[in-house]
Amino acid sequence: AYGEGNRPFASTDYKEVPDRDDVDAVLIMSAWESHFPIAIYAMERGMIAYGTTQVEPALVGEADLVIFAVYPHVFVEWIREHQGLFRPGALITDVTGVKGGVVRQVQEILRPDVEFIAAHPMAGRESSGVEYSDDRVFRGANFIVTPTERNTEEAIELCRALGRELGFARVSILSPEEHDEMIAFLSQLTHCIAVTLMTCNQSPSLEQYTGDSFRDLTRIAKINEVMWSELFLLNRDALLRQMDAFSAEFERLRTMLSTADVEGMREMMRTSTARRTLFDKTCNVNESCYYEHDDCVYDRLCIYGDSCDR
């Protein structure tokens, strides 16, 4: 399922198949998109069974599970305007990058016979659009479920099962507040750093001299400014705390450099190397390898694009 900006949702509908002995149900994926060419693209490639540019009551009302992949404010507005279309007992989830300002608000306004269990798949690419979608990015990635006291154990387990079914290597449970504090550091701060790196030096023709390290570090600087500015503001306090912590640590390194504290710099680098090793991402084909075999997702999803000859 894919959505961006004001393209609201995809729905999954489990249909009974009485003439098949080997299966209990068929998963029918349908989607609502504001741009019809995107729906056509997805249907032609078998990503969805049906696509539409309109909010169709029957489409929403038949769905057992609805996944929202939209900007946070669009998600809240959609629930306010269209929640009457959900079938009783329906479950809805999302992929929103900030939870604290969204989850409890949606749960507060949502009718009692529909349950919202929030989730955040920690996988993506710097290019947006359904044409760039590839489920191989889920391999070795993390999937976070963020329940509240309003959620049932059944909904939590179904959401965890969804993460496992999609191929995520690890499914974790965090509160919305814990999620936002963590995401401020692991995702939002890293985007702030990448953006700042691209704007702090205006020297011409730098792209003619760069090496891979700068490309790797700034891959996410190709950023959706509408979405990320909204996410930053929704999580402003947590992000500011992480920015202050980063600034203090950067200043510590600067002081070491200015005072020629060689051992201090080396100790900081040793700590960095040890901690970075913990973040190395292995894939589901061979847990011990990294860029080592023909099926490896990282070898195929080159960050430099299709023209890369690496």
Over 60° means perpendicular and under 30° means parallel, so classify the ring planes of H191 and W228, tilted if in between. parallel
ask   = Between W78 and F86, what is the ring plane arrangement, given parallel below 30°, perpendicular above 60°, and tilted in between?
value = tilted
message: Is it the case that the side chain of D180 and the backbone of N235 share a donor-acceptor pair, with hydrogens and angles ignored and the cut-off at 3.5 Å?
response: no
Legend entry - Salt bridge flag under 4.0 Å for residues D280 and R276: yes
Q.
Is there a continuous path of hydrophobic side-chain contacts, each under 4.5 Å between heavy atoms, that joins V74 to F232?
A. yes
Exercise. Would you check if M122 and I183 make a side-chain contact, meaning some heavy-atom pair closer than 4.5 Å?
Key: yes
Please confirm whether the backbone N or O of R111 pairs with a side-chain atom of Q83, one donor and one acceptor, at under 3.5 Å?
-> yes
Heavy atoms of A118 and C159 approach each other most closely as O-SG, 4.4 Å
Test item: R87 side-chain N/O and E62 main-chain N/O as donor-acceptor pair under 3.5 Å: yes
Residues F168 and A123: closest non-hydrogen pair is CE2-CB, 4.1 Å
Item checked: Ion pair check, R215 and D212, cut-off under 4.0 Å -> yes
> Hey, quick one: are L257 and F250 part of the same hydrophobic cluster, counting side-chain heavy atoms closer than 4.5 Å, chains of contacts allowed?
Replying inline: no
Ion pair E157/R164, N-O distance below 4.0 Å:
yes
Could you walk me through whether L189 and M243 satisfy the side chain to side chain contact (heavy atoms under 4.5 Å, CB included) test, starting with their C-alpha distance in whole Å, then the side-chain angles of each, then the deciding distance to 0.1 Å, before giving a yes or no? CA-CA 7 Å; L189 177 64; M243 293 174 78; 3.9 Å; yes
So ring pair (Phe, Tyr, Trp, His ring centres under 6.0 Å) across residues 96-118, not counting sequence neighbours, yields F75-F116
### Query
Ignoring hydrogens and geometry, is there a side-chain-to-backbone donor-acceptor pair from Q242 to L239 under 3.5 Å?
no
So P57 and L59, do their side chains get closer than 4.5 Å, heavy atoms only?
no
**Request:** I would like to know whether L217 and F214 meet side chain to side chain contact (heavy atoms under 4.5 Å, CB included); could you show each step before the answer?
**Result:** CA-CA 5 Å; L217 195 57; F214 188 81; 5.8 Å; no
In terms of heavy-atom contacts, P204 and Y209 come closest through O-CE1, 4.3 Å
| query | Would F185 and L253 show up in the same hydrophobic cluster when neighbours are defined by side-chain heavy atoms closer than 4.5 Å? | reply | no
Could you walk me through whether E263 and M256 satisfy the side chain to side chain contact (heavy atoms under 4.5 Å, CB included) test, starting with their C-alpha distance in whole Å, then the side-chain angles of each, then the deciding distance to 0.1 Å, before giving a yes or no? CA-CA 9 Å; E263 183 52 37; M256 292 177 190; over 6 Å; no
Following the transitive rule for hydrophobic clusters with a side-chain heavy-atom cut-off under 4.5 Å over Ile, Leu, Val, Met, Phe, Trp and Tyr, establish whether I173 and L166 coincide in one cluster. yes
Smallest heavy-atom separation, T255 atom then S258 atom, equals O-OG, 2.9 Å
Closer than 3.5 angstrom, by distance alone: can the side chain of T196 be matched with the main-chain N or O of C192 as a donor-acceptor pair?
yes
Pairing donors with acceptors under 3.5 angstrom, does anything connect the side chains of Y71 and E77?
no
Note: R150-E115 ion pair, threshold 4.0 Å (strictly below): no
Check: Does K99 come within less than 4.0 Å of D94, counting only side-chain N to carboxylate O?
Finding: yes
Query raised in the report: Would you call E149 and R104 a salt bridge, taking side-chain N to carboxylate O under 4.0 Å as the test?
Result: yes
Flag, side chain of T210 to backbone of E207, donor-acceptor distance under 3.5 Å: no
* Asked: Is a donor on one side and an acceptor on the other found under 3.5 Å between the side chain of S172 and the backbone of I144?
  -> no
Would you check, one step at a time, whether the test side chain to side chain contact (heavy atoms under 4.5 Å, CB included) holds for I92 with L65? CA-CA 6 Å; I92 66 175; L65 173 64; over 6 Å; no
Of all heavy-atom pairs linking A169 and G140, the shortest is CB-CA, 3.5 Å
(Q) Test your reading of the model: is there a side-chain donor-acceptor pair from S205 to the backbone of Q208, 3.5 Å cut-off? (A) no
Hey, are Q107 and N151 close enough side-chain-wise for a donor-acceptor pair under 3.5 Å?
yes
Taking V226 as the starting point, is it possible to reach V98 by hopping between hydrophobic residues whose side chains are less than 4.5 Å apart?
yes
| task | Compare all side-chain heavy atoms of E153 with those of I156 and state whether any distance is below 4.5 angstrom. | result | yes
Original post:
So, N224 side chain and M227 main chain: donor-acceptor pair closer than 3.5 Å or not?
Top reply: yes
- For the pair Q202 (side chain) and T199 (backbone), establish whether a donor and an acceptor sit closer than 3.5 Å, ignoring hydrogens and angles. yes
Of all heavy-atom pairs linking M198 and A221, the shortest is CG-CB, 3.4 Å
